Every structure is written in C-alpha cells, then in structure tokens.
Amino acid sequence: MIKTEKILHLKSSRGRKVRVVREHYLREQVPCYSSLCQADCANASGKVLSGEATHYVVPDVGVAADYLEILEFRELQGVVFTQTACQSVQHSKGRRQYNRLRSLLKDPRHDCVLFANEFQEYSYCPREKGESQDKWQTRCVYYAAVWYHDHLAGMKPVVMITEDQAAVAQYSSLNSGVYVISIQDYLQNFWPELQAAHELYGSISQALQEKESESTEREYAEHLPAEVLEAGIKSGRYIQGTLNVNRHRAQYEAFIRMEGSTNKNTALNSDVLVCGSKNRNRAVHGDVVVVELLPKSEWRGKITALTEGQAEEKTGEDPQSQPMPTGRVVGILQRNWRDYVVTFPPREETQSQSRNSQRILVMPWDQRIPKIRISTQQADALQDHRVVVRLDSWESTSLYPNGHSVRVLGRAGELETEVQTILIENCIHVPPFSEAQLREMPVNSPEKPWRVDPGQAAVRRDLRNSHLVFSIDPRGCEDVDDTLSVRSLPGGEVLELGVHIADVTHFVTEGSLTDLEARARSTTYYLADRRYDMLPAVLSADLCSLLGGVDRYAMSVLWELDARTLAVNKVWYGRTLIRSSYQLHYELAQALLNGEEAEVPELAQLGAEEKDAKLAQLTQALETLTHIARHLRAQRDRGGALELEGVEVRAQLDEERNITALVPRQPLEVHETVAECMIYANHWVARKIQESFPQQALLRHHPPPRQEFFCQLVDSAKARGFSIDTRSNKALADSLDRAVDPQDPLVNRLLRVMATQAMSNALYFSTGACAQDQYYHYGLALDRYTHFTSPIRRYADMVVHRLLTAAINLEKGAGPSKALASNKDLEEMAQHINNKNRAAQQAQRLSTELFQCLYFKEKDPQTDQRCVADAVIYAIRANGVLVFVPQYGLKGAVYMRNREGQVLNVGQDGSCEWQSGSIQRYLDHISTSCSSGTSTFSLFDHITVRISVQPSRCHSDGLHLDVISNKPHQSAEPRPPQQQGRCQLVQEVVRLAEEASQQAQEKAARGPKLSREEREFRQSKSPNLYSLLEEVRELALMDLSSCGGSGLGMAAQVCATSA
Ligand SMILES: [Zn+2]
C-alpha cells in the first residue's frame, strides 16, 4: 500500500472555496466488479457487471452530474461509475442527486458498478501543478477507463462519455480500444433505437443551455443558509414542516404541517398558514420547509366557503374562520420533487410567450404545483398533449421553476393518456416484467409441467390425503391465495380448523429481481378498467394459485379447538403440501349451506351414491366452518368490533359501486365466514411473529379516531333526533345501529359514511417502532393484527410469510437463513408499503372519477334523462351544500349562491331559479331569501340534481351538480338499478375509447409516435369483470378508512382500505 496526499479544492454550498488535504492510500487490489475478470479481484462482495454488454461505458464527471437520468435507462448495460465522478456529484449536486446515484448503484436491475479508481495504484493520477480541477478529474476518469481496458486484457472495448469537446480531442486517439465520445455520439452509435433517451438528451441539454442565460432580477427572497435554519429551528424561532398546498386555492393558500418532536415552538398546536406565492418563496407542495411566523397582526384565517375547482382566486374579503398562525418560508430543507404531468399551452399562447426563445410555461395536471418553465422546440407539435416533466431548479430570479420534459404521454382527453397520467401522478410505475425477471420464474408448460420437488415433499407436512381442503372465492377468480379445511379429530373432542395460504415466498427469493419489483409495487393495482399485477402471471394465476385438483405448496395455520367451547388448545404453523378438492364460489357454498339443490362441478362425473357421500362431507365441513366463524365473530363483537365497516361496504356493493348485477343484493353469510377465518389467521400469525420478534415484526394497526373528527357525525345525527356515542368502538357501533330512520334507509347509511370518514387509516408498522399499547386494531377490536392471507397481491403478506418462516426456524433451533431486517429497515419498508397503498387507493378513486366523467361527457345534460338524479344533502356549507347521489355513487358540492351573487329560489312546484337575494347558514339547514320568499334546504333532504361535466384542459375533468328541484327525483321510467351499474358504465366508456383509438390509428400513419408507451401501460386491460369481482373479495376483508376529501368528487365510498 502506498501513502500519498490528495489535495481537494471544494466549493461549499454558498460558494466559499475550501482547500482540503487528505491522506490517500493506494492499493494494487481494487475490485473491478466485472464478470470477465481474470485477476483475483475481490468481486464477490458486490454486484457484478454482466458479460452481456458489448462494451463498458464510463461517464465523466459532467455526464454523471447532469445526465444521470439517461444513465438510469435500464437498457444501458456495463456502466462503470468512477469514484471521481461520484464524489463530484456529491459535492456539486447535493444530497438528492447523490442519493439517486447511490440507489442506482445498489439496484441489481441496473447493470452498473462503482469503481474506486482513486484507490487503485495504477489508475490514480495525482493532480499536477496548475492543473484545473475539471481537467484533472477528466484525466482521472480517462485513466480509469484505460485501466479497465487493460485489466480485462482488451476483452471489452471501453467508452468514456463526456460533454467536454476538448477532452474528446485530447484523448480519443490515445489508446486503441478506449474511445472518448460525446453522449450524443454515444447514443446515436450504440443505442439508435432508444428514442426516449435521445429525446431526454435533447431536453436536458437545452435546459442546461438556457440556464446560462438567466435574468438577474430577484423575484423572491433568498433562502437562509442551512446553519441559520438549523439554529433557528433549535431555538424555536423557526418552524419545520411539510408544505401542503390547498388544491382548491392553490395559488393563495398553503399550510405547513408540523412534524412532532422537531419543533421547539410548543405554543403552536395547529398548522401554519402560508398565504400567496411570495410568502411560499419557491417551496413546492410536498417540500420540507422552514417557516418564520409573521406578527400576530398579519395572521389570517382559512377560507371555509365552497369554491369551484381552482377557478376563483380568493382574497381577504371572503368569509374566513378564526385567524391562525401565519408565516413565510425562509428556507427549504428537502425538495420532494417527483415526475409531473403537464399540458402544453395552445398555440396562441406559446406564440405570445416565446417570441425570442424556446421557453414556454406548461401547466401541471396537479393543481397544487406551479406552472413550470421548460425549453423545447416541440411546443407546436405537443400542444394539447400531456407530457412528463421534471423540475431542475428554482432560482430566486425566476418567477417559475425550470424543468425539462422527459417523455410524451399522448393527447389530453384520450383514455390511455388520462390513465397514464393518473399512474404517474401517483408515482405508480408498472412496466411489463423484464426478461431477466421472468427468467427467475419456475416453468409450467404442457411440455415441461411443474411438479412437486421430492426434496420439498420431504420437509413439508403433507395434507393431500388427510385433509379436505377447499376454496371459496368470487365466481371466476384466477388467483386463489387462500383455502380452508376443517375436520373433527378422532375421539370427537377436538375440531381442527385450517387456513392454507399460497406459499409465494417459496418461489420468490428475498432480494431477487422479482422480489424487488414486487416490493417496489407493494400491491396489485386495480383501476376501473384494468389491473396491474404485483407478481408475474405464472405465479399469481398458476403456481401460487391454490387451484382445485392440483398439488400446491402452502403456508398453513392449523388450530385445535375444543369441540364444545371452541377454545384454542393448540396452534400449528408451517409449510404444507395441499391439493384443494373444491374450488367453490360464494353462491354455490351458500346454496349448499341452505340445503338448496346445487351442482358442484367437481362431482359432476361421479355416480349417485358416491356423489351424495362427497356432497354430505362437503356440506358438513361448510356447516362446521360457519359454526366456528359465528363464534369467532361473537367473540370479537364482545371486544367491541365495529359492525360499521361491513354494513357500509355491503351497502356500497349494492348501489354506490353498482356491482349488484354480479352479487346478490343480500350479502351472504358465507362471505363473512371466510372473512372471519382470514381475520383469525392474520391475528394468530401476528401473535406468533410479534412474540418471536418483539422488536422487528410487521404488524398492522388501526389507531382510534380523534374525537373532534366525530363532530359532523354527532351534529348531523342530532339534527335527525339520534344521539351517537363515540366514546368507544363498541358504543359507536351500538349507537349507529340504533340511528335508523324507517322512512329513509339512506340516513343510516350516510351516518355510517360520516363515521367512516372520521376514522384514520389502518397502517403497517414495525413492532419496535411503536409502544405495545398502540398495536390495537380499533375496527377489528384485536390486540394484534397483520396481513398474511393474500401474498399474491400484497407485499406486506410476503414479508410476514418470511417472518413466520424465521419464527418457525427459530423454534426448531435452526438459525435464520438470512439476517432479519432491523427494526429501522422494517419500519422504513412499512412506510413504503403504506405510501404505495395510499397511491393505489388514490389511483383507483381517480380512475373511477375519470370513467364517470367520460360517461357523462357523451350525454347532453339538458335532454338526457340519465343526467338527472336523486341526491341527498349530507353537509351544510356557507354558500351551498354537499350531496350524495346514490344512483352513481358520487358526491359533490351544490351551490346555493352563484358567482354573480344570486341565490337559488324555489318555486311553488319545487323548480329552482337564480334571483338576487341573501343566504343564511344554520347548523342543520341553509336558507335563501329573495323578494318572492324564503327557501330552505335541510340535512338529509332528497333533492333532484342535474349532472354535467365541467371540462378542464390541463387538469382532470370534474362533475358539476345543479339543483333543478328541491323535491326527490321521480324517474319517468323506473330503470332496474342493476342495469345502470358502474360495470356497464366502464364497458360503455371502454367501447367508446376503443372506437376513438381505432380512428386515431388510422390517423397515426402520419406519426407512429407514442405506441411504445401505450404498449407499456396496457398491461392487462381486459378483465373488467374480474377486477370488479376481485374488489368484492377485497371488500369482504375491509376495514375503516378515512378519506378526508370533500368538495367535488366522490369521497369515502370508493376508498376504504383493506383490513
Ligand atoms: Zn478484476
């Protein structure tokens, strides 16, 4: 080892120059991480470059800093990042970019490695006297490239890429086999097909050029230096929090949500209001910021009136609530920028905007994000298109942030473009599974059928002959992840209940590409017309699906229960081998239980006698199961389980979601039986892993709601003469059961919706991150709970399966095969999964709204009777009411005062018209007065509304509701509700979209763009019916969720989370 000195001239974040001298040790042995290595490099400890690349590519410092996004394309192979380049990114680009580079290096899906060139004796170049830092770094990277070429004995050509033309001239002909070229040349020569990378290159390089010519006039106050911010937070002078922009008043109103312990200013127990863009000082929704409070005299209140979308910019004279702490942003601790979907302005606007330059202002789809300035030559071609954009910077001299375009999604308003927009806006990335990933999958084909491995058969408990195993699912279900068994043990004193779950983690090794992809997705995504699976189909629909009549691996829980008291004597957990005898659907199982005539397909071929015997055995098992489930449910009820969720959800199925065409109106008891067994398995697995790993088990809790959130529920119920007791889950459930208006079943339902909205979400957590008294699941009334029963479509369940396996091994005295995730890592994972679940819910809600808008867009609200519907008032606001439209399951605002200040006046026959007058809000009603009299609208009144679409060019379309009568809607021709379902709605919209896309394809002969993205996002489009059925199943295991949303759009109904 050689010791030397390395002198660095660094620039601090505020431009100060710092000279650093470091002792520097050089070694002969520095791993090359190449699979072609002929020397003895210690490559085993890290990721290794595949041999598949035709060359290795070494980006120089500038390329790594400015064009990292291009190097992130998974198509690129054999990328070697030098230590020189990495350190430079760290120093010049800050933490965000550096973390991005580090996670790229860690990710096994990317074929790239880090070479510690400055520690390698033969590649390190000491800095020469008078040599500039840039020149020196370029030389270092070049000699690293040369070293690779020599080290691998010339087996691979090595390409250094640089934007420095002088470097190209200086080095390109120095060594044969080591090429020095620009990125543009590199992409053109090596990746001519990778169109997206070429476009991205153009976009980034243009943004960099424009940056040079910034103006110097200041638009915003400078941010304070990091040390000042830190000291200020410590002393309590400043407050740290996350910026949350009000969607409906995006330019005016934002709040700082405080982060618990980090703030010393304990006098504050509310959010901090930030008014206007100057006070927001370049912070973007989601950023972690530091604010300074304004003097009390400048505090303001938030606005409580309804507003229509973002249309109105509100100012101070509007009705406001109590003044609240108000502040201004003085610094930004962390940018949380993501990819944004934007719309290009129409041609007239771009012309006025950019006479001299190619810069235009694009409008983000998310109303909370400010306009973004980008440089482009495609403004004309892309008008009316939706485009993905990334932010680069926001200088104090610039009114708007600068960004660059990443790729084009398609024309605004088209179904595919809009669906992709929803995915990107929720950070959902669901590319087709890669080939490398599919290579990890087991094979099951007619030529090479999958068989049970004898080694596995030897270590698993074989239940194939001893247990009658069956599944009960919605009709047509493909991915059966749970099965059941129940039997009486010899002697008749003991019942044995079994829950057998697909053994997904047997097929998906921790850390494999499939595992990483599943973790990244965290869940299967269900949109209105399609789904994106978490796992490849060979697992989800085949080898992990516990289909009837085939051998499958399972993870089982078997309880021995006292036959009389049903008390648990013993629980067994372990890996099993099963063969399900019956794949039942709910209706069939219920028919058997009811003693009705029913044909079981599995028995169709048998003779009468054998058939009867088997049928009797199956029916007996179903009856025992029902008996046990009733007992379990009663046990939880005594503990205070909320019936609420179930009732709400079943109501949803009937009308809001209109799946009534698919499932019977009356919920079947067998739904509840299956759900109860799954809840039981989840609960016992939670106990097991928590006891084995008290500091690092993944559980799911449901925190009790905050009492103040129940105000609306309690007040509304009181208006109708009911009293709601919210002191405990049991009291709440009981009082809701009593709050029934025999004249109007919707009253009870709306009260339950309000109760649901007051609840918080159930969340995953690591046991070490939470005190034990917070493990409680409020909705299910269980002290411990987790997710174990759906590993095919939830990553949390896969984590739990691994924990359970480790717990079983621990008991056997065998050490874990792999170190368990630490509490910190597990908690991080739990947060990741929680975020992804939220995104999945949000995307599902948005896609439903999208379909509703597309549905109504085709209809003329003035003439089409389908646009007129009955609505129920469920909340009163200052200038209108919120209503629920049962027929379409949507919620929205209805205004009683319009923008001209006129109010709604009701005539003798109930019809409504605008007149000048005044409006008065009360607790349970709202009144308008004009010369011709007074009109009143009360809570729970049924009124008639007209539904129309409020189109938006840049954002999503919205639905608009107008009152046309204060009387309930009398439908001219009563339609059976089944026919008007969401299912039909989805189908009709899909049909129209397909017609449109056919027409577009004819046009597309001129420009064959976008088809790659379209293919990429159409992953599984067909199974509409399936995904609806799947939701039914999901709903069977629902728990409560809050949605907090209000104003236009549907809220709580559609976004309950799973228990
Ligand atoms: Zn080597």
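Values in this document were obtained by computation on a predicted structure and should not be read as measured data. Atoms within a ligand are numbered from 1 in the order they appear, just like the ligands themselves.
Evaluation of the salt bridge (Lys or Arg N to Asp or Glu O under 4.0 Å) rule for E193 yields no partner, not counting sequence neighbours.
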Under 3.5 Å, sequence neighbours excluded: what are the donor-acceptor pairs made by side chains of residues 140-155?
unit_1: Y142; atom_1: OH; unit_2: N175; atom_2: ND2; d: 2.8
unit_1: Y148; atom_1: OH; unit_2: C32; atom_2: O; d: 2.6

I'd like a table of donor-acceptor pairs (distance under 3.5 Å, sequence neighbours excluded) in which one partner is a side-chain atom from residues 51-58, with atom names and distances.
unit_1: H55; atom_1: NE2; unit_2: Y186; atom_2: OH; d: 2.9
unit_1: Y56; atom_1: OH; unit_2: S34; atom_2: OG; d: 2.9

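Judged by distance alone, the side chains of S50 and D111 do bring a donor and an acceptor atom under 3.5 Å apart. S182 and Q165 share no donor-acceptor pair across their side chains, judged by distance under 3.5 Å alone.
For the Zn ion (ligand 1), the count of nearby protein N, O or S atoms, meaning those under 2.8 Å away, is 4.
Residues R27 and Q120 fail the side-chain proximity criterion, which asks for heavy atoms closer than 4.5 Å.
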